[in-house]
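In what follows, a structure is listed as structure tokens, so that the remarks can point back to it.
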Amino acid sequence: SAQKTFEDLAKSKPTAEHYYYLGYFYAKRENAESAKANFEKGLATDKKYLLNQVGLGEVKLMQGDKAGAKAIFDEVISKSKSKNHDVLYRIGEAYISHEGNKDANEAVRILEMAIKLKEANADTYTTLADAYVATQKPENGKEASKNYSFAINKSNGQSGKPSAKQAELRLLVPNPDYTDVLKEYKESMRLDPSYTPIYRKIGELYQKADKLDSAIVYYERYMERSERSEEVRYRYAVFLYQTKKYPKSLSELKALEGKVKYPEYYRWLAYAQQKNGMSQEAKANLDKFMASNPKATFASDYECYAEIAFALKNQDEAFSNLRKASEKELDNDKSVAYIE
């Protein structure tokens, strides 16, 4: 829906601003080529509209050229004399938007400049808090929480996003109180029922607690409110597996074959196939996932291999994989079963 709106605007009124937002849309979809084309059109239309230059810096970042991105960002900040809130905000946001090419410390630096300007709003503070979280430094937890609180105040308590994210912070501490987090999630939902991700967050928390009926109810609410993109459908398929809806999970995953780029797709497809008695197919897809050189393998990967081997009457291989599984740190998914 957003894509159509931005495309229509750029076509009917080809302004620098409209080209920027179309390019920004493509950047969020990780389509560097289309993003760059629109940012260049916008810059050619009006060189004084600096956000298109910011966009070209973001494209460099997406392509892994961090030095090139920083050179462009520094130039734009200099041109704006560090006084343009939108420039600073979009640069800070860009630095934490693309997996594998993040620079959370630089995002914090830039966004700290942005919040000093009078135009700073709830989104500015929320993104600064996100940047502190992205540093993955425990000592930055307080700064993240503080800025989520500022964001809540800036929105007069009407935005569910910062309150939900502040509650989510509590899941990062040792031995979190999951029941309190659930209550905070539901309060965020009450304040801002239009904030769609809160339904998924509640569903996932119930799933971890093994409250599967409640989990499905909230995840279905999330799906009802979401555009059914491949990413959303993939997330839903994984959730169906986690809530033991194995036939439905397999059906959803098969429908997405060739449409999603995540290597983990083949992990979940293999898991679902094994639960549906398709051992040969499961082994082929789990092998494909393992061949993608995942950053981390889980005990569940070897447990799946063991189940496959048992089904195929290969006892030695099954026990070998069970030993590998036991060597992996056990998942903590069942540790929240006391949620009321």
Side-chain angles (χ1 to χ4, degrees), residues 27-28 30 54 57-58 60-74 77 82 85 87-117 120-155 159-178 180-182 184-185 188 195 197-198 200-201 204-205 208 262 264 294-298 328-333 335-336:
K28 292 303 168 220
E30 299 293 337
V54 171
E58 183 168 2
K60 291 279 188 185
L61 201 61
M62 294 166 70
Q63 295 170 335
D65 184 0
K66 292 184 179 181
K70 189 175 187 307
I72 292 175
F73 291 153
D74 287 348
I77 292 172
S82 304
H85 168 270
V87 163
L88 295 172
Y89 171 63
R90 293 303 183 191
I91 291 173
E93 182 190 45
Y95 269 123
I96 56 170
S97 290
H98 306 285
E99 288 298 330
N101 294 306
K102 291 184 177 182
D103 190 333
N105 292 322
E106 192 67 5
V108 167
R109 184 181 75 84
I110 299 296
L111 290 163
E112 285 285 1
M113 294 164 59
I115 64 167
K116 293 176 182 175
L117 302 177
N121 55 33
D123 286 340
T124 319
Y125 284 100
T126 299
T127 307
L128 175 57
D130 289 345
Y132 274 116
V133 173
T135 65
Q136 298 184 332
K137 296 176 181 177
E139 64 269 25
N140 283 337
K142 288 183 179 179
E143 288 298 321
S145 183
K146 179 181 75 175
N147 282 287
Y148 285 136
S149 293
F150 286 146
I152 292 166
N153 291 334
K154 276 280 186 180
S155 71
S159 174
K161 185 175 184 178
S163 59
K165 289 195 168 195
Q166 188 176 57
E168 196 167 16
L169 269 183
R170 306 191 201 290
L171 296 175
L172 303 179
V173 303
N175 302 312
D177 188 328
Y178 294 94
D180 272 359
V181 173
L182 181 62
E184 291 182 47
Y185 276 170
S188 295
Y195 180 56
I198 193 63
R200 172 172 53 82
K201 292 176 187 291
E204 289 173 347
L205 205 55
K208 287 184 178 181
Y262 314 110
E264 292 81 5
K295 292 180 181 178
T297 56
F298 301 141
K328 288 285 178 183
E329 183 177 351
L330 293 177
D331 293 336
N332 210 21
D333 283 352
S335 65
V336 296

Practice task
Give a yes or no on this: more than 12 heavy atoms of other residues, nucleotides or ligands lie within 6.0 Å of atom NZ of K28.
Solution key: yes
Problem - Separation between CD1 of I72 and CD1 of I77, rounded to the nearest 0.5 Å - result: 12.0 Å
Problem - 4.5 Å side-chain heavy-atom contact, V133 and N140 - result: no
Handout entry: Among E93, Q63, H98, R90, the one residue meeting side-chain contact (heavy atoms from CB on, under 4.5 Å) with E58
Key = H98
Problem - Sequence-distant partners of E184, side-chain contact (heavy atoms from CB on, under 4.5 Å), two or more places apart - result: A167, R170
Fill in the blank from the handout: Heavy-atom nearest pair, A164 first then S188, reads N-OG, 3.4 Å
Completion exercise
Taken in chain and number order and not counting sequence neighbours, the residues that satisfy side-chain contact (heavy atoms from CB on, under 4.5 Å) with F150 are Y125, K146, N147
Problem - Any residue meeting side-chain contact (heavy atoms from CB on, under 4.5 Å) with D65, in chain and number order, not counting sequence neighbours - result: K60, A67
Practice task
Rounded to the nearest 0.5 Å, what's the gap from CG on L111 to NE2 on H85? Could you check?
Solution key: 8.5 Å
Practice task
In plain terms, say whether K102 and E99 are close enough for a salt bridge, that is, a side-chain N and a carboxylate O under 4.0 Å apart.
Solution key: yes
Problem - ring-ring contact (aromatic ring centres under 6.0 Å, His included) partners of F73, counting only residues at least two apart - result: Y95
Problem - Pair L205-L171, side-chain contact (heavy atoms from CB on, under 4.5 Å): steps then yes or no - result: CA-CA 10 Å; L205 205 55; L171 296 175; 4.3 Å; yes
Handout entry: Whether T127 side chain and T124 backbone form a donor-acceptor pair below 3.5 Å
Key = no
Exercise for the section: Could you walk me through whether T297 and K328 pass the side-chain contact (heavy atoms from CB on, under 4.5 Å) test, one step at a time? Expected result: CA-CA 8 Å; T297 56; K328 288 285 178 183; 2.9 Å; yes
Problem - For the student: nearest non-hydrogen atoms of I115 and A120, plus distance - result: CA-CB, 3.7 Å
Problem - Inter-residue atom distance L128.CG - E143.CD, 0.5 Å rounding - result: 8.0 Å
Practice task
Would you kindly say whether E204 and Y185 are connected by a side-chain donor-acceptor distance under 3.5 Å?
Solution key: no
Practice task
Could you grab the distance from atom CD1 of I96 to atom CG of N101, nearest 0.5 Å is fine?
Solution key: 14.0 Å
Handout entry: 4.5 Å side-chain heavy-atom contact, E139 and Y132
Key = no
Fill in the blank from the handout: On a heavy-atom basis, the closest approach of L88 and A114 is CB-CB, 3.8 Å
Problem - Separation between NZ of K116 and OG of S82, rounded to the nearest 0.5 Å - result: 10.0 Å
Exercise for the section: Would you check if the side chain of S145 reaches a backbone N or O of K142 as a donor-acceptor pair within less than 3.5 Å? Expected result: no
Practice task
With sequence neighbours excluded, tell me which residues meet side-chain contact (heavy atoms from CB on, under 4.5 Å) with T126.
Solution key: D130, Y148, A151, K161, P162, K165
Practice task
Quick one: pull up NZ in K154 and OG in S159 and give me the separation to the nearest 0.5 Å.
Solution key: 13.5 Å
Handout entry: Heavy-atom pair of closest approach, residues A69 and L61
Key = CB-N, 3.8 Å
Fill in the blank from the handout: Applying salt bridge (Lys or Arg N to Asp or Glu O under 4.0 Å) to K70 and not counting sequence neighbours gives D74
Practice task
Measure the shortest side-chain to side-chain distance between Y89 and N121 over non-hydrogen atoms and say whether it is less than 4.5 angstrom.
Solution key: no
